[in-house]
Amino acid sequence: MPDDRRIAHIDMDAFFASCELSQYPELRGEAMVVAGRRSDAPRTNPDGTREFSRLRDYKGRGVLTTATYEARAFGVHSGMPTMKAARLAPNAVLLPVNFELYRTYSRLFKDAVRSVSSTIQDVGIDEVYADVSLLNGESEEIARQLKSAVFEATQLTCSVGIAPNKLLAKLCSDMRKPDGVTILRLEDLQSTIWPMAASKINGIGPKAGAKLGALGITTIGEIAARDEHWLVEHFGSSYGSWLHRVSHGLDDRPVVTHSEPVSMSRETTFEQDLHAVQHRQELGAAFTRLCEQVALDLQRKGYLARKIGIKLRFNDFKTVTRDVTLAEPIADAKALRRAATQCLKRVELLKSIRLLGVKAGNLQRVGEVLDDKSPQFTLDF
DNA sequence: TCTGGGGTCCTAGGACCC
DNA sequence: TCTGGGGTCCTAGGACCC
């Protein structure tokens, strides 16, 4: 892969929180978090003013979806248990998630990026990669174009990184948040990338980060200082040589403009843990509902599934999965529940259940159910 | 104060076939 | 009759990402 490529990574700033601020402008400048349920929605008074829930009023087992920069100043961040955040920032405003709103803004954002460069790859709801190799002009100018197109369409800010590949572009977009632009050339690798924490790299999570730390490695440069053999010895041939490559800023993954879904799932964490015997009714009802939701998702998007699976998380947080591959693909709620029940029978239900999930995999598009191996008129002599 | 929900990809063992 | 290697499919679990 030639390294005269130019890849942009565009990342919306505090996306969910920013979408909410566009709905509730009076909250601008206040500490605010998104989490919680519909019951946490703001109430409108007769005089038109609004009353908001506060973090201190929250009771439940959720985690923060996002937090404004003002709330982050109290030490709260997305992924933190909401009850813990409530102790750190009790007066922060609490809003429930509103995915419909975020999807609307997401479409506007992506269309705006597409108006600058048509080669874009979705990475979740609030970020995209764009291949801008073929665009004319300096990278700085392209970054400005992307940002102003996004702002015009959404009134929201984003941060942009432009680099020779996706790995580096992603690292760049994070360097000057919010509302930042960072351009990186390969020769800036040692000065800019090597001092960064290893965990900044996409693919080095908590486990790998801790293992690196135990080996005395905390920065990307310290990974790069080891030779490949050493990394392979400690992390296996695949992950070890991947670590070697990324620490040297190498990444030849293309910008993928289209992909088919691999699975669709629904899961729910109960308000209280449920026991298979004492709470049989509630569990059965939840199970049916999850199957119906997955079936509806399949049907709305036009897919059939040949693999059906379940997921259980017990009160001790241990998680088990079971799945079954069917002879014929399905999208019907009843058939789905039958298959999921088969899976459920293979799990010992002694502990209370915290989470229940249903998943459909091995997907194929409706109408593309071509039987490539059915009538076999093979004659053996 | 325990730890959401929706995904993707990888590994590893066993079955089965050639 | 024994041995072996490769390929594919299935299942379970886990790491990681947004």
Side-chain angles (χ1 to χ4, degrees), chain A residues 9 11-12 14-16 33-37 55-56 58-66 75-90 96-97 99 102-103 106 121-129 166-167 170 173-174 198-212 235-240 242-243 246 253 256 259-271 273 290 293-294 297 301 306-327 342-343 346-347 354-363 373:
Chain A
H9 182 254
D11 195 359
M12 298 299 287
F15 182 58
F16 294 0
V33 301
V34 177
R37 311 198 154 76
L55 207 35
R56 70 173 109 81
Y58 179 85
K59 296 220 165 23
R61 357 171 61 170
V63 300
L64 294 195
T65 303
T66 191
V76 308
H77 55 81
S78 61
M80 176 181 281
T82 309
M83 291 298 277
K84 179 178 178 180
R87 283 189 307 116
L88 292 169
V97 286
F99 274 105
Y102 314 147
R103 272 193 291 270
S106 182
Q121 176 175 357
D122 273 314
V123 194
I125 198 163
D126 67 341
E127 50 181 281
V128 298
Y129 290 102
K166 294 207 286 190
L167 167 81
K170 168 93 180 164
S173 69
D174 193 45
S199 57
K200 288 276 180 188
I201 289 178
N202 232 269
I204 301 182
K207 296 286 176 177
K211 187 166 173 184
L212 284 165
F235 294 91
S237 63
S238 164
Y239 198 73
W242 175 81
L243 280 174
V246 294
R253 291 171 303 161
V256 178
S259 64
E260 282 293 309
V262 173
S263 66
M264 294 181 195
S265 67
R266 290 291 187 133
E267 63 185 55
T268 186
T269 296
F270 302 115
E271 304 261 342
D273 299 342
L290 290 166
Q293 284 175 331
V294 172
D297 292 340
K301 293 175 181 154
R306 209 163 63 83
K307 179 153 88 177
I308 304 300
I310 60 154
K311 170 171 156 184
L312 291 165
R313 176 126 71 214
F314 296 105
N315 52 4
D316 60 1
F317 223 71
K318 256 187 65 99
T319 305
V320 300
T321 62
R322 294 291 182 272
D323 59 57
V324 61
T325 301
L326 307 169
Q342 294 304 112
C343 297
R346 311 209 304 260
V347 186
R354 176 189 180 89
L355 172 150
L356 183 60
V358 174
K359 171 163 161 172
N362 233 320
L363 302 183
K373 60 171 179 186

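As the structure is a computational prediction, the values presented were derived from the model and not from experiment. Every chain is numbered from 1, with letters handed out A, B, ... down the list of sequences.
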Original post:
Separation of A:His77 atom NE2 from B:dT3 atom P, in whole Å?
Top reply: 14 Å
Original post:
So does A:Lys170 have more than 12 non-hydrogen atoms from other groups sitting under 6.0 Å from NZ?
Top reply: yes
Original post:
How are the rings of A:Phe99 and A:Tyr102 set to each other: parallel, tilted or perpendicular (split at 30° and 60°)?
Top reply: perpendicular
Subject >> A:Arg354 vs A:Ser265, nearer the 5' end of DNA chain B by closest nucleotide >> reply: A:Arg354
Subject >> Nucleotide nearest A:Asn362 when distance is taken to its side chain, options C:dA12, C:dC10, C:dC18 >> reply: C:dC10
Original post:
Expressed in angstrom and rounded to an integer, what is the separation of A:Asn202 atom CG from B:dT8 atom C1'?
Top reply: 12 Å
**OP:** Look through every strand shown and name the nucleotide pairing with B:dA12 as Watson-Crick or G-U wobble, where both distances are under 3.5 Å.
**Re:** C:dT11
Subject >> Side chain proximity check, A:Lys359 to A:Thr321, heavy atoms < 4.5 angstrom >> reply: no
Original post:
With a 4.5 Å limit on heavy-atom distance, are the side chains of A:His77 and A:Leu64 in contact?
Top reply: no
**OP:** Output the single nucleotide from B:dG4, C:dA15, C:dA12 whose closest atom is nearest the side chain of A:Lys207.
**Re:** C:dA15
Original post:
Which part of the nucleic acid, if any, lies within contact of A:Met80, taking any heavy atom under 4.0 Å across all strands shown: a base, the sugar-phosphate backbone alone, or nothing?
Top reply: nothing
Original post:
Which listed nucleotide (C:dG13, C:dC18, B:dG6) is nearest to the side chain of A:Arg322?
Top reply: C:dG13
Original post:
Are OP1 or OP2 of B:dT8 and a side-chain N or O of A:Ser263 less than 4.0 angstrom apart?
Top reply: yes
Original post:
What nucleic acid atoms does A:Leu326 come within less than 4.0 Å of, heavy atoms only: base, sugar-phosphate, or nothing?
Top reply: nothing
Subject >> Rounded distance in Å - CZ (A:Phe99) to C1' (B:dG5) >> reply: 7 Å
Original post:
If you check the A:Val262 side chain, which of B:dT1, B:dT8, C:dT11 turns out closest?
Top reply: B:dT8
Original post:
With nearest nucleotides of DNA chain C determined for A:Lys359 and A:Lys307 from heavy-atom distances, which residue corresponds to the more 5′ nucleotide?
Top reply: A:Lys307
**OP:** Give the rounded distance in Å between these two atoms: NE2 of A:His9 and C1' of C:dC18.
**Re:** 10 Å
Subject >> Nearest-nucleotide pick for A:Pro206, side chain only, options being B:dT1, C:dT11, C:dC16 >> reply: C:dC16
**OP:** Select base, sugar-phosphate, or nothing to describe what A:Arg346 touches, counting heavy atoms under 4.0 Å on all strands.
**Re:** sugar-phosphate
Original post:
Within the structure shown, what part of the strands sits under 4.0 Å from A:Thr82 by heavy-atom distance: base, sugar-phosphate, or nothing?
Top reply: nothing
Subject >> Atom-to-atom span, NZ of A:Lys318 to P of C:dG14 - whole angstrom >> reply: 7 Å
**OP:** Output yes when at least one side-chain N/O atom of A:Ser238 is less than 4.0 Å from OP1 or OP2 of B:dT11, else no.
**Re:** yes
Original post:
For the atom pair NZ (A:Lys307) and SG (A:Cys343), what is the distance rounded to the nearest 0.5 Å?
Top reply: 10.5 Å
Original post:
Nearest-Å distance, OH (A:Tyr58) to C1' (B:dT1)?
Top reply: 11 Å
Original post:
Does C:dC2 sit syn or anti, given that only angles within 90° of 0 count as syn?
Top reply: anti
Subject >> A:Phe270 CZ - B:dT3 P separation (whole Å) >> reply: 15 Å
**OP:** For A:Thr268, report the nucleic acid contact type (base, sugar-phosphate, nothing); a contact means any heavy atom under 4.0 Å.
**Re:** sugar-phosphate
**OP:** Please check the phosphate of C:dG13 (OP1 and OP2 only) for any side-chain N or O of A:Thr321 closer than 4.0 Å.
**Re:** yes
Original post:
Across the strands shown, which category fits A:Ala35 at heavy-atom distances under 4.0 angstrom: base, sugar-phosphate, nothing?
Top reply: nothing
**OP:** Write down the distance separating the C1' atoms in C:dC17 and B:dG4, rounded off to the nearest Å.
**Re:** 14 Å
Subject >> Steps toward side-chain contact (heavy atoms from CB on, under 4.5 Å) verdict (A:Phe314, A:Val320) >> reply: CA-CA 9 Å; A:Phe314 296 105; A:Val320 300; 4.0 Å; yes
Original post:
Just checking A:Leu64: base, sugar-phosphate only, or nothing, at a heavy-atom cut-off of under 4.0 Å?
Top reply: nothing
Original post:
What is the distance from CZ of A:Arg306 to C1' of C:dT8, rounded to the nearest Å?
Top reply: 12 Å
Original post:
For C:dC18, which nucleotide in any strand shown is its Watson-Crick or wobble partner with both distances under 3.5 Å?
Top reply: B:dG5
Original post:
Nearest to the side chain of A:Val63, which nucleotide is it out of B:dG4, C:dT11, B:dG6?
Top reply: B:dG4
Original post:
If you find the nucleotide of DNA chain B closest to A:Phe317 and the one closest to A:Gln293, which residue's nucleotide is nearer the 5' end?
Top reply: A:Phe317
Subject >> Side chain of A:Lys170 - closest among B:dG7, C:dC18, B:dT1 >> reply: C:dC18
Original post:
side-chain hydrogen bond (donor to acceptor under 3.5 Å, both in side chains) between A:Arg306 and A:Thr325: does it pass, once the steps are laid out?
Top reply: CA-CA 6 Å; A:Arg306 209 163 63 83; A:Thr325 301; 5.7 Å; no
Subject >> Syn/anti state of C:dT1 by chi, 90° boundary around 0 >> reply: anti
